[in-house]
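The structure presented is a predicted model; accordingly, all values stated were derived computationally and were not measured. These numbers come from the heavy atoms of this one structure, side chains and all, not from hydrogens, waters or symmetry mates.
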Amino acid sequence: MRNVIIIGSGPAGYTAAIYAARGGHQPLVIASSVEAGGELMNTTEVENFPGFPEGIMGPDLMAKMQVQAEKFGSEIVYDDVVSASLDGPVKSVTLGSGAVHEAHAVIFATGSAPRKLGIEGEKTFSGRGVSYCATCDGFFFRERVIAVVGGGDSAMEEATFLTKFASKVYIIHRRDELRASKIMQDRAFANEKIEFILNSEIIDISGGDQVTGATLRDTTTGETSELALDGIFVAIGHDPRTHLVHGVLDLTEDGTIQLEGRSSRTSLPGVFAAGDVIDPTYRQAVTAAGSGAVAALDVEHYLAALLEDATDPLPDEPVDVPSEALA
């Protein structure tokens, strides 16, 4: 029996593991068999994470977090959770290998996945000109020509932000009308660095070591054209990884796990959540790490209350500590 199982190994998961391990709880971290380390594993240089003034490669940052978590007693398992039983005082997770692990508390730090275009070159140039985060990578496109794909508020916000760095920003949207709110559209239309290409979609991305251009298709005529670009930012939304808790935990309108106020507590006692799986807005490594710390501290309080209940004697009766009292 574990005190806590952490599902996910991005900044939120590893920060929760560091805090929980330092608290003496020897957490089990289910890191995934394919996506260990989270989205930062697909990021090149990270310059906005505190403590690294010279910048650090995304995979290197996650490796350091893992080493720190293991240093204090976390156990890392490279497997995937296929099902979870979260009701009752004892939680259990079943892995792809068939192994079953039990714990008093579970932290979901499963993150979110950016929606992909699903076109030729997208995977090849991910981290080499194709990005899904303007605030993460915009700095690297100073005086460059870039495109933002999307028509919602996120696309308008990212395009406007990127004009701080780029010499020109195209907004490419497959329809003739944008989904973004009027105020966000007005800001984008008023920015002299932004040019709209509507009724168009990217069908291919070209380049050598880096992106050099994209092939566009007119969605009304079918005609194709080439557009020279130094970078492409995909802003068509994110999907929180909540497949394990559909119908089990309460979710928000955005599809993220719903919490109690500013805590990490979910709708089930002993189940906590942190990182991008609770955050539809910021999706930054530093905010994810902060929420991982919150989750570990909430777990600490939850476990302390369990221990107090397990050892609190009834009036004039002997103490009977349950066999599942804390490990």
- Query: Angle class for the F52/F49 ring planes (parallel below 30°, perpendicular above 60°, tilted otherwise)?
  - Reply: tilted

Report all side-chain donor-acceptor pairs from residues 56-68 shorter than 3.5 Å, counting only partners two or more places apart or in another chain.
residue : atom : partner : partner atom : Å
Q66     : OE1  : Y14     : OH           : 3.2
Q66     : OE1  : Y78     : OH           : 3.3
Q66     : NE2  : Y78     : OH           : 2.7

- Determine which pairs satisfy ring-ring contact (aromatic ring centres under 6.0 Å, His included) with at least one residue from residues 200-234, sequence neighbours left out, and list them in order. F141-F233

- Partners of N48 by side chain to side chain donor-acceptor pair (under 3.5 Å), sequence neighbours excluded? none

- Task: Would you confirm whether R265, through its side chain, and E260, through its main-chain N or O, come within 3.5 Å as a donor-acceptor pair?
- Result: no

- Message: N191: which residues meet the side chain to side chain donor-acceptor pair (under 3.5 Å) condition with it, sequence neighbours left out?
- Response: T163

- Message: Run the side-chain contact (heavy atoms from CB on, under 4.5 Å) test against L198 and tell me which residues pass, sequence neighbours left out.
- Response: H173, L178, F196

- Message: Filter on side chain to side chain donor-acceptor pair (under 3.5 Å), then keep only pairs touching residues 138-161, sequence neighbours left out; what's left?
- Response: D153-S181

- Counting distance only, does the side-chain N/O of R241 pair as donor-acceptor with the main-chain N or O of S112 below 3.5 Å? yes

- Can you name the one residue among D80, V106, L95 that meets side-chain contact (heavy atoms from CB on, under 4.5 Å) with I30? L95

- Restricting to pairs with a member in residues 56-77, which pass ring-ring contact (aromatic ring centres under 6.0 Å, His included), not counting sequence neighbours? none

- If you look only at pairs with a residue in residues 286-309, which of them pass as a ring-ring contact (aromatic ring centres under 6.0 Å, His included), with sequence neighbours excluded? F272-Y302

- S85 meets the side-chain contact (heavy atoms from CB on, under 4.5 Å) criterion, sequence neighbours left out, with S92

- Scan residues 270-297 for pairs that pass side chain to side chain donor-acceptor pair (under 3.5 Å), counting only residues two or more places apart or in two chains. T135-Q284, H238-R283

- Pi-cation contact, F161 with K164 (under 6.0 Å, within 45°): no

- Is a side-chain N or O of D298 found less than 3.5 angstrom from the main chain of S263, in a donor-acceptor match? no

- Query: In chain order, what residues pass the side chain to side chain donor-acceptor pair (under 3.5 Å) check against K91, with sequence neighbours excluded?
  - Reply: none

- Residue pairs, two or more places apart or on separate chains, that pass side chain to side chain donor-acceptor pair (under 3.5 Å) and touch residues 199-210: R174-E201, E201-R217

- Any side-chain heavy atom of I107 sitting closer than 4.5 Å to one from S264? no

